[in-house]
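Labels below follow one simple rule: chain letters A, B, ... track the order of the sequence lines, proteins then strands, and each chain is numbered from 1.
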Amino acid sequence: MTNSGAPIDDTLLAERIRAGDREALGELYDRYASLALALALRVVTDRFTAEDVVHDAFVAIWQQIDRFDRSRGSLRGWLLTVVRNRAIDRVRGTRPTIEVGTADEQALLRTSPNPTWELAIARISASEVRVVLATLPAEQREAIELAYFGGRTYREIARLTGVPVGTASGRLRLGLAKLRDALRVPVEAQPVAVPVGRDAEGREP
Amino acid sequence: MTSPRQEALECAQVDELAGAAALGALDPDEARAITQHVATCDQPHAAFRELLGSDAVLALELDPMTPDPALRERVMASVAVTPQNHAALGSPARDSSPSVGRSWLDWSSVGLWRGLAGAAAAVVIALGGWNIGLRQQLAIQDAALSAIADVVIGGQPAHSVTGLAGSGYVIDSDGPGSTFLVAGLQELPSGDIYELWLLDAAGTPLAVGTIEVADPGLVVVALEQDLSGFALFAVTVEAERVDAPTGDPVMVGAIRN
């Protein structure tokens with residue numbers, strides 16, 4: 001299953017939400033609540049807590065939609081960042097906060113746009129992501145999962161896995177770089193706009 | 001004294017931490033330092049930037065899970081009483097359902113209270129399937145709230161109350177009265193107070209208590225009023241104790257009777 005077209009619709013949804021359209025928030029919920037719940041549950045491991053996290057995340061999106069900047073990334077990416085941050089807050093036992101923006105420097109970093117990831121999100125399935133992750137060296141995959149789903153910092157990962165902090169940060173960097181390379185759409189595979197009357201190589205018939 | 005992590009980072013250090021930054025696996029002071037570095041550095045840090053955004057892809061490995069239908073009702077009920085930050089007070093929240101759109105200035109009107117109570121009643125019905133056990137419900141909340149679970153596990157129902165000001169529970173007592181617990185209550189301007197309300201199904205608000213000094217930890221308020229017969233619990237900010245709410249709700253929760 002691919003997700004073609006979602007980013008465009010999401011942009012319109014964001015505009016409607018920004019205008020105060022509650023039904024648009026409902027549409028956003030219908031579109032992504034199942035993914036948001038899966039992510040929250042993976043982090044907190046408790047269904048009831050996960051549903052609370054999803055609830056809080058969607059309410060925060062509604063409240064803080066003015067912070068969403070399409071040029072920094074997709075609405076889906078932002079939503080998932082909010083869900084993950086809140087889920088990790090629960091796991092760490094910190095106070096949940098309804099605000100989602102300025103204090104979260106890491107979220108600001110993560111929501112920068114990147115064509116590789118945006119294209120990957122639009123075209124790949126869950127099983128394809130799992131296949132790519134399975135090709136990573138076990139220690140890199142473990143580090144990535146501890147960071148993303150476990151909410152661990154690289155310093156904590158270093159302690160947990162018994163390696164120097166430089167090794168832990170290196171595993172995260174190298175693992176994501178491999179993931180990026182595996183997901184990168186080859187130039188020749190990207191759709192090309194072909195002028196009317198010409199074939200795919202630009203030649204006239 | 002400046003901690004080592006707060007000192008200016010070299011470009012190589014920033015690039016080395018690209019994976020950790022992309023996954024939010026930095027300590028807050030490091031994240032802050034890296035944000036500042038990347039924003040002001042002459043170098044493009046292309047390798048660093050290429051990893052940003054990868055977190056959304058990792059979430060795609062998960063198989064979506066269908067939420068309980070009651071969760072959608074909870075979200076929409078909360079959204080209905082949560083103002084957007086960018087909207088000026090009183091600017092109308094637009095809804096595609098013509099009969100539902102309301103101005104936030106209408107919050108204090110009887111009509112809106114009645115409408116909210118009606119919505120809450122619907123939520124109460126919807127929450128029937130979401131009716132989780134008290135011990136489990138409390139256990140999934142903030143550490144501050146779960147710490148008092150033992151005090152309130154006598155079988156009384158607890159009702160989640162959330163909003164801009166904090167999150168908490170209103171809990172039926174074994175005997176007369178009820179208890180409101182809230183964690184992380186936001187501080188108010190000097191002189192303002194939090195006022196607590198119970199609404200019946202007709203939307204009639206009853207003032208049941210105040211919180212005059214916010215505490216970022218846990219606040220416990222004993223209420224003389226039972227929850228029986230009420231549909232909604234709400235909190236407003238007032239300049240003084242009043243008999244009818246004058247401001248927007250900052251916390252709200254449906255009561256499942």
Given a strict heavy-atom distance threshold of 4.5 Å, which part of A:Leu79 is in contact with chain B: side chain, backbone, both, or neither? neither

Which atoms of A:Arg42 come close to chain B, meaning under 4.5 Å heavy atom to heavy atom: side chain ones, backbone ones, both, or neither? side chain

To the nearest 0.5 Å, atom CE of B:Met76 lies from atom CD of A:Glu23 at 8.0 Å

For A:Leu176, is it the side chain, the backbone, both, or neither that has a heavy atom closer than 4.5 Å to a heavy atom of chain B? both

For a 4.5 angstrom cut-off between non-hydrogen side-chain atoms, does A:Tyr29 reach B:Leu71? yes

Counting heavy-atom pairs under 4.5 Å to chain B, which of A:Phe149, A:Tyr148, A:Phe58 comes out on top? A:Tyr148

Would you name the heavy atoms of A:Ala147 and B:Ala25 that are closest together and state the gap between them? CB-CB, 3.9 Å

Holding to side-chain hydrogen bond (donor to acceptor under 3.5 Å, both in side chains), I want the full list of residues that pass it with A:Asp181, two or more places apart in sequence or in another chain. none

Heavy-atom distance under 4.5 Å to chain B: side chain of A:Leu80, backbone, both or neither? side chain

Do A:Arg173 and B:Asp15 make a side-chain contact, defined as non-hydrogen atoms from C-beta onward lying under 4.5 Å apart? no

Looking only at non-hydrogen atoms, find the nearest pair between A:Arg155 and B:Asp27 and report the distance. CD-OD2, 3.1 Å

Within the 4.5 Å heavy-atom criterion, are B:Glu30 and A:Tyr154 side-chain neighbours or not? yes

When the 4.5 angstrom heavy-atom criterion is applied to A:Leu133 and chain B, the contacting part is side chain

For A:Ala38 and B:Pro64, the nearest pair of non-hydrogen atoms, with its separation, is CB-CA, 4.2 Å

When you compare the side chain of A:Glu128 with that of B:Leu60, does any pair of heavy atoms fall below 4.5 Å? no

Need one label for A:Leu41: side chain, backbone, both or neither, based on atoms under 4.5 Å from any heavy atom in chain B. side chain

From B:Glu61 CD over to A:Leu39 CG, what is the distance, rounded to the nearest 0.5 angstrom? 10.0 Å

Please check: side-chain N/O of A:Arg180 versus main-chain N/O of B:Leu51, any donor-acceptor pairing under 3.5 Å? no

Quick one: which residue pairs count as a side chain to side chain donor-acceptor pair (under 3.5 Å) with a foot in residues 156-169 of chain A, not counting sequence neighbours? A:Ser169-B:Glu16

Flag the pair A:Asp66 / B:Gln84 as yes when at least one side-chain heavy-atom distance between them is below 4.5 Å, and no otherwise. no

Between B:Ser78 and A:His55, what is the shortest heavy-atom contact and its length? OG-NE2, 2.6 Å

Comparing A:Arg152, A:Arg47, A:Arg130 against chain B, the one with the most heavy-atom pairs below 4.5 Å turns out to be A:Arg130

Is there side-chain contact between A:Leu25 and B:Val75, with at least one heavy-atom pair below 4.5 Å? yes

